[in-house]
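Written below as C-alpha cells is the structure these notes are about.
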Amino acid sequence: MKKLTAVLLVLCMLLPLAANAEVWATLFQPIATRTGPGTKYTEPGGFLSRGDQVLVRTKVWDAVNEIWWVQVEFTPPRGNTFFGRDKIRVYTGAWRMDVDLSRVPEEYPLQNCTVICDADAFTGPYYNGFEYWPDTIYAGTYATLYEVEDGFAHIECWNDFRGSMWRGWVRLETLSCASSYSYHGYYGAADDTPYYSGGYRPAQTNPPSTYYGDTQGFPVGRICTIIASSAHARSGPGTQYDTAAYVYDGERYEILECKEGNTGKDWYKIYVGKEYRTYAWISSGLCSVE
C-alpha cells in the first residue's frame, strides 16, 4: 500500500510537467501570421483555417495594444506555400485560438549580438524538419537572440531582404555570441539545448492568461483590406487628427484596436510599415474586413 501511495505521489508531481511540455490549440478563425510578435514584422501568409491545430511554443505580451502574441509551430498544407510539407514557426494573435496561456512560457531575450557572416534564414531549427526562408541576413546586422536549439539560433533583427523587422532562425556559428553556447561545429547540434530564457513569470500588466474564443471582440485581430484607391491613415480615430500615413487599394493590415470616431463611424488602429513604420487609424468605410 505504501509503495502504491508513493507511485501515485510521483505521478501527481509529474503531471504539471507533462502538461507544460506541449500546448496544442484549436483555431477559432483563419490564421494570419507574422515572423515576430507584432504588426511591424513581415507577414508570411495565412496557411491554416478554422478548426486546424497548432503547437503553441511561447507567448509575448504587447503592452501597447494590450494583447498576447504566441509563437506557433505547424506544417502548412501541401501546395499552399513554397514550404512544401516542412514545418514552420511563426507568430499570431492568441485571440485566434482556444489556448490556456498560463501553460505557455513567456519570451525574454537571451542577449544582443552581431551577425558575423552572411547567414541563410530558416523557418525553425533546420535539422528538426524546417525549411529555408528566401532571405539572407547580412554580416554586420545587429540582432537580439531569443532561443538556441540544435545548433541554430532564433534572432530578431532588421531584414534588408524584406525591408522590415524580422524574426527567424540562423546557424548559431554565424553569430558573435556563438562561443557562449556549446555546439558541435558546422551544422552541428548543440550540447545543451535548447537554451531558452522564457519562464512562467507573469507580465507586469497582469494580462489575461487564457483566451477562449475571440475575447478581444470583433473586429480586433481580423485583417482589413483597403478598398479606396488611396486614403489617409490618421494619428487618431477621427478626421480631426493629422494624417500619419497614406494607404492604398489592396493593402492588407491587421486590426489592433477599434474605436468609435467623432462621426459615429468605427476607426481601426493598424501598423503601417513601408516608409512610415508607425501606428495609424483608418475609417471602417475605407476597408473591408475578412
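Given the structure is predicted, the values throughout are model-derived calculations rather than measurements.
Criterion: ILVMFWY side-chain heavy atoms under 4.5 Å apart, direct or through other members. Under it, Val289 and Leu286 are not part of a common hydrophobic cluster. Under the 4.5 Å side-chain heavy-atom criterion for Ile, Leu, Val, Met, Phe, Trp and Tyr, Trp158 and Ile155 are members of distinct hydrophobic clusters. Residues Phe74 and Val104 share a hydrophobic cluster, clusters being chains of Ile/Leu/Val/Met/Phe/Trp/Tyr side chains in contact below 4.5 Å. A chain of hydrophobic side-chain contacts below 4.5 Å, direct or via other Ile, Leu, Val, Met, Phe, Trp or Tyr residues, connects Val23 to Leu48. Taking hydrophobic clusters as Ile, Leu, Val, Met, Phe, Trp and Tyr residues chained together by side-chain heavy-atom distances below 4.5 Å, Ile227 does not share a cluster with Val272.
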Begin with the C-alpha distance, continue with both residues' side-chain angles, and end with the deciding distance and a verdict on side chain to side chain contact (heavy atoms under 4.5 Å, CB included) for Asp86 and Phe130. CA-CA 5 Å; Asp86 297 287; Phe130 297 89; 5.8 Å; no

Go through the steps to decide whether Ser180 and Val148 satisfy the test side chain to side chain contact (heavy atoms under 4.5 Å, CB included), and finish with yes or no. CA-CA 11 Å; Ser180 300; Val148 176; over 6 Å; no

Please determine whether side chain to side chain contact (heavy atoms under 4.5 Å, CB included) holds for the pair Thr243 and Arg234, giving the CA-CA distance in whole Å, both sets of side-chain angles, and the decisive distance to 0.1 Å. CA-CA 4 Å; Thr243 299; Arg234 300 187 179 272; 3.7 Å; yes

Audit row: Arg89, Glu73, salt bridge (charged side-chain N to carboxylate O under 4.0 Å, His left out) steps and yes/no: CA-CA 4 Å; Arg89 290 181 184 175; Glu73 178 181 310; 2.8 Å; yes

Might you work through the side chain to side chain contact (heavy atoms under 4.5 Å, CB included) test for Ile226 and Cys287, ending with a clear yes or no? CA-CA 4 Å; Ile226 304 301; Cys287 58; 4.2 Å; yes

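Side chains of Thr42 and Thr35: a donor-acceptor N/O pair is present below 3.5 angstrom, by distance only.
Considering OH of Tyr132 and CG of Asp120, their distance stands at 5.0 Å, rounded to 0.5 Å. Put simply, OG1 on Thr278 and CD1 on Ile270 are 10.0 Å apart, with the number rounded to the nearest 0.5 Å. Separating the CH2 atom in Trp69 from the OG1 atom in Thr33 is a distance of 9.5 Å, to the nearest 0.5 Å. One distance of note links CG of Asn159 with OG of Ser164; it measures 6.0 Å at 0.5 Å rounding. For the atom pair CZ of Arg96 and CZ of Phe28, the computed distance is 13.5 Å after rounding to the nearest 0.5 Å. For the atom pair NZ (Lys259) and OG (Ser284), the distance works out to 15.0 Å, reported to the nearest 0.5 Å.
Ring centers of Tyr41 and Tyr91: at least 6.0 Å apart, outside the cut-off.
Counting Ile, Leu, Val, Met, Phe, Trp and Tyr side chains that sit under 4.5 Å apart, directly or through other members, Ile223 stands alone, with no cluster partners.
The existence of a salt bridge linking Glu156 and Arg167 is confirmed by a sub-4.0 Å separation between a basic side-chain nitrogen and an acidic carboxylate oxygen.
Gly51 approaches Thr26 most closely through the heavy-atom pair O-CG2, 3.7 Å. When all heavy atoms are compared, the tightest approach of Ala94 to Val70 is CB-CG1, 4.0 Å. In terms of heavy atoms, Ala244 sits closest to Ser235 at CB-N, 3.9 Å. Shortest non-hydrogen contact noted between Ile137 and Cys157 is CG2-SG, 3.9 Å. Shortest non-hydrogen contact noted between Gly236 and Trp267 is O-CE3, 4.3 Å. Summarising the geometry of Leu145 relative to Ala153, their closest heavy-atom pair is CD1-CB, 3.5 Å, with the distance given to 0.1 Å.
The side chain to side chain contact (heavy atoms under 4.5 Å, CB included) with Thr92 is formed by just one residue from the set Arg34, Gln71, Met97; it is Met97.
You'll find the side chain of Trp24 reaches within 4.5 Å of the side chain of Leu55, heavy atoms only. Tyr279 has its side chain out of reach of Glu257: every pair of non-hydrogen atoms, C-beta onward, lies at least 4.5 Å apart.
Within a 6.0 Å radius of OH in Tyr142, no more than 12 heavy atoms belonging to other residues, nucleotides or ligands are found.
No side-chain donor-acceptor contact under 3.5 Å links Lys87 to the backbone of Gly124.
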Less than 3.5 Å apart, which donor and acceptor atoms pair up between the side chains of residues 109-116 and the rest of the protein, not counting sequence neighbours?
unit_1, atom_1, unit_2, atom_2, d
Gln111, OE1, Tyr181, OH, 2.9
Asn112, OD1, Thr144, OG1, 3.1

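For the ring pair (Phe, Tyr, Trp, His ring centres under 6.0 Å) condition, the pairs that include at least one residue of residues 219-259, sequence neighbours left out, are His232-Tyr246.
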